[in-house]
Amino acid sequence: MPLIRHSDMFSQKGVYVSKNTNVGEYELIGVSDWIIYSTSKSLDDARSDLIDRAISLRGNAILYYLYSKRTESESTTGGGTYYYSVFDTMGVVAIIGRKSPEGEIEKEDLQKVIAIVNDTAERTYKKEVARTKRSRRNGYIGAVVVSLFLIYLYFYKMPSFDSEFLMNVFATQTGEKERSFGHLAGLAVLAAIFFGINVKIFFNNYMWWLRRR
């Protein structure tokens, strides 16, 4: 007797979530090699996103489901601090099934799906790695360009800021060599600050949600 309907394979309602390998009345057909992750301010949203990711990899179950809660904060416009909760979820993608008179997929065919899940996850991971590398490269380029532009504005277009301030911080008043070094040191500090800020802004890690077991 077939195990499961096609329509139940790739829907939110059709994905079974378990904290271990217990899948109730279903039969565990296979466990993939991949762990998926999701995060959100709402536990329901984080769980829903996790299920969507399992579906995108062609799985219909999540095993070893775990979630954790952490507190983050951000500054408010009034000068205060806003604290909020963030939920992180994770689990292993799997394939399950059970005999049903409405079933459309035979067990032998369902056993082949786990290989499809692993292959889909592998291709997805490689794509996300490539996206992350492009983001990192673009982040460095963007950071350099923006940093140089801001430094240019600071030294040449903003007379209200005195470049002598940085020189005095890093140099003594005994000779041109020290004063010249002060300018270079101040420039290096500004470049490092701007570079670090802009790398963080431009860089995205697209592969964080998928990892091999």
Is [Y] close to [X] at the side-chain level, that is, under 4.5 Å between some pair of heavy atoms?
X: Thr71; Y: Val86; answer: no
X: Tyr65; Y: Leu63; answer: no
X: Leu66; Y: Thr89; answer: no
X: Val93; Y: Ile62; answer: no
X: Ile35; Y: Met90; answer: yes
X: Leu210; Y: Leu57; answer: yes

Margin query: Evaluate Asp44 against Ser42 for side-chain hydrogen bond (donor to acceptor under 3.5 Å, both in side chains), listing each step before the verdict.
Written below: CA-CA 5 Å; Asp44 289 339; Ser42 162; 4.9 Å; no
Quick one: [atom1] on [X] to [atom2] on [Y], what's the gap to the nearest 0.5 Å?
X: Ser73; Y: Tyr84; atom1: OG; atom2: OH; answer: 7.0 Å
X: Thr132; Y: Asn205; atom1: OG1; atom2: CG; answer: 4.5 Å
X: Leu43; Y: Ser68; atom1: CG; atom2: OG; answer: 10.0 Å
X: Lys112; Y: Ile114; atom1: NZ; atom2: CD1; answer: 14.5 Å
X: Leu50; Y: Trp209; atom1: CG; atom2: CH2; answer: 10.0 Å
X: Leu28; Y: Ser18; atom1: CG; atom2: OG; answer: 9.5 Å

Item checked: Option among Arg47, Arg70, Lys69 that satisfies the salt bridge (Lys or Arg N to Asp or Glu O under 4.0 Å) test with Asp88 ->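 Among Arg47, Arg70, Lys69, the one that satisfies the salt bridge (Lys or Arg N to Asp or Glu O under 4.0 Å) with Asp88 is Arg70.
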Next item on the list: May I have the step-by-step check of side chain to side chain contact (heavy atoms under 4.5 Å, CB included) for Glu122 and Trp34, ending in yes or no?
Entry: CA-CA 9 Å; Glu122 182 74 36; Trp34 296 88; 3.3 Å; yes
Decide if atom [atom1] of [X] counts as having more than 12 heavy atoms of other residues, nucleotides or ligands within a radius under 6.0 Å.
X: Tyr206; atom1: OH; answer: yes
X: Tyr37; atom1: OH; answer: yes
X: Glu74; atom1: CD; answer: yes

Note to self: Show, in sequence, the C-alpha distance, side-chain angles and deciding distance for Tyr125 and Arg212, and conclude whether the side chain to side chain contact (heavy atoms under 4.5 Å, CB included) test is met.
What the structure shows: CA-CA 9 Å; Tyr125 182 76; Arg212 189 185 294 274; over 6 Å; no
Next item on the list: Show the numbers, then the answer: is there a salt bridge (charged side-chain N to carboxylate O under 4.0 Å, His left out) between Asp49 and Arg53?
Entry: CA-CA 6 Å; Asp49 289 344; Arg53 289 186 168 133; 5.6 Å; no
Say whether, by atom type as modelled, one donor and one acceptor occur between the side chain of [X] and the main chain of [Y] under 3.5 angstrom.
X: Arg213; Y: Ser32; result: yes
X: Thr39; Y: Phe87; result: yes
X: Ser48; Y: Asp45; result: no
X: Ser38; Y: Ala46; result: yes

Next item on the list: For Glu128 and Trp208, run side-chain hydrogen bond (donor to acceptor under 3.5 Å, both in side chains): C-alpha distance rounded to whole Å, both residues' side-chain angles, the deciding distance at 0.1 Å, then the answer.
Entry: CA-CA 9 Å; Glu128 299 293 53; Trp208 69 271; over 6 Å; no
Item checked: Which residues share a ring-ring contact (aromatic ring centres under 6.0 Å, His included) with Tyr64, sequence neighbours left out ->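 For Tyr64 there are no ring-ring contact (aromatic ring centres under 6.0 Å, His included) partners, ignoring immediate neighbours.
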Identify the heavy atoms of [X] and [Y] that sit nearest to each other, and give their distance.
X: Arg58; Y: Ile116; value: CG-CG2, 4.2 Å
X: Ile95; Y: Asn60; value: CA-OD1, 3.1 Å
X: Ile96; Y: Val23; value: CG2-CG1, 3.8 Å

Check: With sequence neighbours left out, which residue pairs that include part of residues 76-85 fulfil the salt bridge (charged side-chain N to carboxylate O under 4.0 Å, His left out) condition?
Finding: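 Qualifying pairs: none.
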Notebook entry, point to check: Under the salt bridge (charged side-chain N to carboxylate O under 4.0 Å, His left out) rule, what pairs show up with a residue in residues 30-41, not counting sequence neighbours?
Noted result: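 Pairs touching residues 30-41 that pass the test: none.
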